[in-house]
Structures are given as C-alpha cells and as structure tokens.
Amino acid sequence: MIDRSPVIAPQPQVGSDHELTLTLPDGSERQVPAGTLPRDVVASIGAGLLRAAVAVQVDGEVQDLVTPLRRGGEFRVLTEKDAASLAVLRHSAAHMLATAVRRLRPRAKIGFGPAIEDGFYYDFEVEQPFTPEDLSAFEDEMRKVAQEKYSFVREEVNRADAERRFADDPLKLERLAELGDDEVISVYTDGPFVDLCRGPHVPDTSRVKHIKLMHTAAAYWRGDEHRQQLERIYGTAWFSKDELDAYLHRLEEAKRRDHRTLGKELDLFSVDQRVGPGLILWHPRGAIVRNEIETFERELILRHGYDLVYTPHITSEKLFEISGHLVNFRENMFGAMEVEGAAYRPKPMNCPGHICIYQAHQRSYRDLPLRFAEFGTVYRYERSGVLHGMLRVRGFTQDDAHVFCTPEQVDTEIERLLDLVDEMLRAFGYPYTVELSTRPDNALGAPEVWTDAEQTLARVLERRGQAYTIDAGGGAFYGPKLDFKLIDAIGRKWQGPTVQLDFNLPERFGLEYIGADNTPHRPVMLHRVLVGSMERFVGGLIEHYAGAFPLWLAPEQLRVIPITDEVRDAAAAVAARAKEAGLRVSLDDRAQTLNYRIAEAERLKTPYMAIVGKREAAAGTVALREHRLGREQKPHVMPVEELVRRLAEEVKTRALTASGTDQPAAGGD
RNA sequence: GCUGACGUAGCUCAAUUGGCAGAGCACCUGAUUUGUAAUCAGGCGGUUGCGAGUUCGAUUCUCGCCGUCAGCUCCA
C-alpha cells in the first residue's frame with residue numbers, strides 16, 4: 001500500500017522552546033517557535049504563495065517547506081522564478097529517477113543523486129549496465145511518479161533506525177557511518193522510495209514535469225578510481241517546457257559548433273592513426289588561423305618588452321631531474337630515449353630551457369626584468385580516455401613566457417601582464433573573469449612568502465578595479481596563480497591565460513642576480529601563457545565563432561566568382577588586385593553554375609564572395625556577398641577599389657564580425 | 001587507465017534470420033555559360049579498423065588488439 005497521506009510534521013528533535021524571528025522581504029517580522037515548519041509560515045502569508053512555493057531561503061540558506069526551522073533571519077519564499085529553486089527541483093528529480101529505477105529494477109543499489117549544473121544524476125550499483133531502452137523506460141516511469149503526486153516526506157531519525165532502513169544498501173550505510181553524531185540524520189520518502197538525504201526537496205513529485213534522461217556513464221564510487229564503478233544516469237529537469245526545449249536547443253547549438261566536426265568540414269586539421277592519438281595535423285587552412293594568431297601575439301609581446309627565444313624539443317632528462325618534473329610527473333611524460341648512454345626526453349614544459357638561458361650569463365639587477373617568450377611545443381602523455389579533438393592532446397604548442405625579476409618588480413610585472421592579457425583577449429572578443437588561487441596544503445616555501453605574494457596579486461587586481469574571485473587552496477604547490485576564464489559566444493567557460501608565481505624553480509636551479517649591494521640575490525620567476533596552447537585555443541575559437549572566423553583569421557577571406565567565361569579575365573583582375581592588397585583570395589572559375597559555386601563558398605564559411613558578371617566587368621565593380629548576412633541578402637555592388645579598401649581595413653583593425661550570429665545553412669550542407 | 005557504445009569508399013550513411021557490399025556528396029571525364037546556397041550524363045573509388053576463431057560461407061557470431069565517442073578519474 002502506497003502511503004499518499006499528506007505530510008505529517010515530524011517532531012523536531014532540537015529546541016522548540018525558544019522563539020525565532022523571521023524577517024520577510026517587506027521588512028515585517030514574525031515570531032515563530034523553533035521547529036515550526038516553513039510551510040506553516042508560508043501558508044500564513046497566503047494560500048496562493050503556498051501553492052507557488054518551491055522552497056524557502058532562511059538566512060541565506062535554501063531549505064524545503066517540511067524541514068523544521070532551527071534559526072531565524074531573512075525569510076524568503078522561493079518560487080519557480082528563483083534561480084535557487086532549480087537545484088531543488090533537480091535534486092527531487094534525481095530521487096524520482098531512483099524511484100523509477102527501483103520500481104523497474106528492485107535490486108539496484110543506490111549511491112548518490114545530486115543536482116548538478118543543468119541537471120542531475122543518480123548512481124546505481126547494478127549487475128547489468130543500463131541500456132538506452134532502459135533509459136526511456138525509466139523516463140516513462142518518472143513521468144508516472146510525477147502523475148502520482150507523492151509528497152516528499154521528511155523524517156528525522158536516529159542512527160539505528162537509519163541503519164535498519166538501509167540494511168540492503170551498503171553504499172548508503174557507508175555514507176551513514178561517516179555522519180557525525182551531532183548531525184541530523186534525515187530521510188526523504190516519495191511514494192515507494194526512501195533515501196538518506198539532507199534535502200531540500202520540492203513539495204511533491206508533480207512539480208517535476210519537464211525532464212529528460214540524457215545518457216548513462218560509469219562513475220567511480222565516491223569519485224575514487226580504486227573503488228567500484230557504478231552506473232550513473234544523467235538527466236535534466238526544468239520548471240517549464242520552454243526552458244527544457246531551450247536547454248536541448250543549447251546542446252544542439254554546442255554540437256553544431258563542435259570543433260571536431262567543423263575542423264573536418266572546414267579542412268582545418270586532422271589526426272591520423274599512423275601519427276598517433278592526440279597529435280594534431282594542421283592543414284593549410286588551419287595553419288593560417290594559427291599563424292595569424294602567432295603573428296599577432298609575437299608583435300604584441302615584442303611591443304610589451306619580451307625577448308623571443310627557442311629551446312630544443314628534446315633534452316637530457318637530467319634537466320628534468322633538476323627541475324623536479326621527473327619526480328613529480330614521470331607518469332605524464334613521454335618515455336626516455338637513449339643516446340650514447342644518456343637518457344633524453346621530449347620536454348613537457350619550456351621553463352627549464354628558459355632558465356638555462358637565464359643562467360648562460362651572470363645577471364645584474366640592471367638586466368632585470370628579463371622576459372623570455374617562446375611558442376614552445378611540449379609533449380605530455382595524457383591517458384587515452386581523456387583525449388578530445390584539439391582540446392586535450394599529447395603534443396601542443398604553448399605561447400609560453402617566463403619573467404625573471406627582482407621581488408620589488410613583481411608588482412609592475414603583474415600589472416603589465418594584466419594589460420597584455422586584456423589586449424590579447426579583446427582581440428578575439430572574449431569576455432573573461434579572474435580567479436586568484438592561493439596556498440594549497442602541500443605548498444612549498446614559507447607561509448609568509450606565500451601570503452606576501454598573494455597580497456601582491458590581490459593588490460594589483462584591486463588597484464586596477466579588476467573583479468576577481470578567490471580559489472582558496474587552488475594554487476600550485478610552488479606558487480599562487482591568477483587564472484583567467486574565457487566566456488565564449490554561447491556562454492561556456494574556457495581555461496584562458498594563467499599567470500603563476502614560482503618559488504620552486506629559482507631555488508632548485510639556484511637562480512641568481514647580483515644586486516646593487518654587489519651580493520647575489522634570488523630572482524622571482526613568473527610563468528605565464530596567454531592562449532595556453534595553440535591547439536586548445538584554436539579548437540575553442542572554432543567553437544566560439546562557430547567556424548565563421550573574423551576576417552583577419554579567416555583561412556580564405558575573399559572568393560571571386562565570374563558568372564561566365566566571358567568575364568573571367570575581369571574576375572581574375574579583381575582577385576589579383578585583392579591579392580596585391582594582401583588579402584587571401586581565390587578565384588573560382590570552374591564550369592559550374594553560379595549557385596553551385598556560391599553554395600560551396602558558403603559551406604566553407606568564406607566571409608566575402610565577389611561576384612563578377614557583365615555589368616560589373618563593364619563598370620569595374622563587384623557584387624559583394626557576405627557570409628554573415630545569411631541566406632537572404634541583396635548583393636551589394638561596389639567598385640573594386642572600395643572592396644579592397646574595406647576588406648583591408650577590416651583585416652587591419654582585426655574587426656570582429658558579429659560572432660554567434662552565424663546561422664546554420666538551411667539546406668545544402 | 002576504467003565502464004559502455006561505436007568502427008563499412010575522402011565525407012555522411014545503407015545492407016532483410018550469416019548468402020554476389022550499396023547510395024548521396026566529394027573526385028575525374030564530357031556536355032552545360034549560368035545573376036546570388038547544389039545543372040545533366042558517364043566514370044573512378046572497398047582486404048567492411050587490424051589479427052585470430054566458429055562456419056560450406058562472416059560487414060553480420062566469438063575472442064584479442066588498435067582507434068573513435070560519452071562519462072569517470074586525471075590535466076605540472
């Protein structure tokens with residue numbers, strides 16, 4: 001028999017003997033006894049509000065309507081309109097998934113089922129992995145659970161009671177054993193399913209209507225790869241059908257932008273089994289994009305006082321013994337090759353090489369700061385399961401640089417780096433956020449040095465009015481860092497530039513400079529990358545621009561198309577003129593229909609097409625077609641000189657074509 | 001590396017219970033001379049990822065390896 005009775009308020013276990021003060025959003029105050037259920041408070045405000053309520057927020061903390069109030073403070077009712085409600089909905093959806101799975105697979109053991117960004121998951125221990133058919137059966141069953149409108153009933157129980165209830169669920173017992181004696185043990189029941197859970201939940205299962213189970217995956221219990229793997233089911237849940245549809249559409253959009261698909265369609269790069277997984281072959285069209293970025297960046301950093309250097313791809317592994325990489329990251333390095341009795345390795349980082357250049361001379365404080373930059377190709381062994389297109393590879397080129405300076409110069413150097421980062425990212429149209437990562441537990445060096453460095457970073461950021469968040473304990477063991485996160489055209493975050501202070505390598509290599517006092521001092525070393533890796537950055541750019549690069553980066557900037565053979569020479573002259581102006585231009589005089597040739601140029605997302613017919617040939621003009629204007633557009637007739645001027649200007653200013661406005665071709669490709 | 005799915009022409013995909021491996025696009029040839037997103041005809045193209053096994057017969061079933069995809073774990 002399914003218990004469908006309404007919620008019975010469990011007796012609160014803690015102090016119901018004192019009054020709590022709740023402050024409502026309108027400023028009014030209410031006194032209620034501790035242990036009162038929020039639903040009673042909400043009901044007293046209004047019946048309509050109770051119907052709309054998803055949960056409440058008390059003193060900043062979200063809790064559901066059936067968890068006894070234990071403290072007072074700001075009291076806000078959360079409805080479907082509040083962003084914080086989504087996590088509650090999704091957590092409840094996870095329970096409903098478990099409810100559905102348990103109905104169809106009574107022997108499935110339950111793990112955890114939290115809300116995550118964009119959805120939820122639930123882990124199960126089962127003998128047979130789930131199939132796609134299982135998934136749709138579970139989804140149907142979840143809808144039934146929603147229709148059956150079970151209340152989420154909260155009970156607070158003692159340990160013995162909880163152990164009895166989850167006697168058949170070893171994973172839950174393990175979790176239970178970890179709960180401290182002072183913690184409230186609560187369980188939530190929706191219909192036939194009961195789960196050890198802190199909450200909060202929506203009032204009943206009928207609130208969870210717009211769901212979709214996305215896929216299954218294996219996941220390690222407690223995220224520990226030495227523990228058993230569980231079957232995880234991912235799903236998403238929203239308050240309205242529109243939101244669900246919009247989310248699914250966002251996924252489609254991301255798929256449409258996938259750099260692996262576009263990389264093939266636009267002939268930018270490939271990988272070849274014979275070369276090896278995670279090793280990128282840059283095709284001519286992709287190489288143009290990369291080269292433009294490198295040229296731009298090289299010009300930029302030279303202007304910012306950097307010196308270009310080159311270091312070998314393969315070095316004696318002694319270098320990595322000194323640097324400590326061999327001890328700490330041996331598993332992630334390519335294996336050693338023996339040459340005349342000495343072991344050599346492909347470099348996993350450029351820093352040791354740059355340090356050796358620093359040490360090639362005795363350095364004076366007058367030489368500092370020294371800024372060595374290199375597009376340095378490094379090789380790291382990444383486990384096969386993590387490789388992903390251009391975004392996660394085994395060989396990549398970092399736009400790496402190391403700044404060697406005196407402690408007094410760190411301030412200004414950081415400041416200069418922030419300018420550099422800003423100039424670089426603006427060129428690609430990326431907004432960004434900044435994160436300051438501080439001292440981790442396994443940190444090297446004196447805490448005072450760390451605190452000092454962290455304060456320097458924070459001070460510079462604050463002086464510039466740059467907003468930032470702090471990732472406490474997120475620094476590398478050898479120094480604190482600034483991480484820049486890029487936000488792409490569809491709102492996704494990407495790892496961007498990083499600036500890192502290093503207390504370790506100067507020590508290990510014994511770096512020195514002679515100070516004004518004529519004694520040796522240890523310089524400070526800064527590592528920094530702007531784009532990180534050319535591979536990852538270009539992969540990200542492909543997705544950011546959906547393959548429609550701004551003109552300065554476009555592999556082919558202009559395609560000239562004569563309508564008939566009669567005007568071929570006129571078209572060739574247009575192409576020659578554009579080429580002379582430094583544009584990347586091609587002439588498509590194939591014996592194909594005009595429509596065919598336009599379709600192909602559009603498929604390649606060629607920014608501009610100059611069509612030349614009899615009228616244009618006679619007048620010295622072209623009919624210009626622009627990729628970004630989409631399918632319906634009137635050709636814009638202009639003199640050849642104006643075309644060239646306009647495009648050259650657009651390249652020179654590195655103008656950003658409206659990224660994200662690139663529409664999918666309605667037919668054809 | 002782990003779990004699961006997948007691997008057929010350059011690309012996207014077919015191939016009824018195991019029975020002659022196919023289409024569209026691309027490419028080549030010819031015709032077509034076109035006014036803004038795919039002209040017509042013909043042709044070329046395959047050790048069905050690799051290797052073994054079962055079978056009269058394997059793209060199809062089994063095993064191993066390689067690779068790809070999703071997720072987990074990892075990313076100095």
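Letters A, B, ... are given to chains in the order of the sequence lines, protein chains preceding strands, and every chain is numbered from 1.
- Each of A:Leu268, A:Thr261, A:Asp258 was evaluated against A:Ile542; a single residue qualifies, A:Leu268, per the side chain to side chain contact (heavy atoms under 4.5 Å, CB included) test.
- Minimum atom distance to the side chain of A:Ala599 is reached by B:A38, of the listed B:C69, B:G1, B:A38.
- Checking the phosphate oxygens (OP1, OP2) of B:U12, a side-chain nitrogen or oxygen of A:Lys264 falls inside 4.0 Å.
- The side chain of A:Arg383 has B:U73 as its nearest neighbour among B:U73, B:A76, B:U33.
- Between A:His388 and B:A70 there is a side-chain N or O to OP1 or OP2 distance below 4.0 Å.
- Taking the ring centroids of A:Tyr122 and A:Phe120, they lie at or beyond the 6.0 Å cut-off.
- Residue A:Leu213 is tested with A:Thr236, A:Asp134, A:Ile233 for a side chain to side chain contact (heavy atoms under 4.5 Å, CB included); the sole match is A:Ile233.
- Between the side chains of A:Lys264 and A:Ser270, no donor-acceptor pair of N or O atoms lies under 3.5 Å.
- Closest contact between the side chain of A:Arg392 and the listed nucleotides B:G71, B:G1, B:C75 involves B:C75.
- When each of B:A37, B:A76, B:U34 is scored by its nearest atom to the side-chain atoms of A:Arg631, the top-ranked nucleotide is B:A37.
- Of the candidates B:G35, B:G71, B:A76, B:A76 carries the atom nearest the A:Gln500 side chain, counting heavy atoms from C-beta on.
- Counting only heavy atoms from C-beta on, A:Tyr234 has its side chain closest to B:G71 among B:G71, B:U3, B:A26.
- Residues A:Glu566 and A:Asp224 both approach RNA chain B. Their nearest nucleotides, taken by heavy-atom distance, put A:Glu566 toward the 5′ side.
- Contact of A:Arg625 with B:A37 (side chain to base): a donor-acceptor pair of N or O atoms is detected under 3.5 Å.
- With no hydrogens or angles considered, no side-chain donor-acceptor pair links A:Glu454 and A:Thr438 at under 3.5 Å.
- Positionally, the nearest nucleotide of RNA chain B for A:Glu231 lies more toward the 5' end than for the other of A:Glu231 and A:Arg260.
- Taking only side-chain atoms of A:Tyr596, from C-beta outward, the nucleotide of B:G35, B:G71, B:C27 with the closest atom is B:C27.
- Phosphate proximity of B:U39 to A:Thr593: present, with a side-chain N or O under 4.0 Å from OP1 or OP2.
- In the set B:G35, B:G67, B:C2, the nucleotide with an atom closest to the side chain of A:Pro277 is B:G67.
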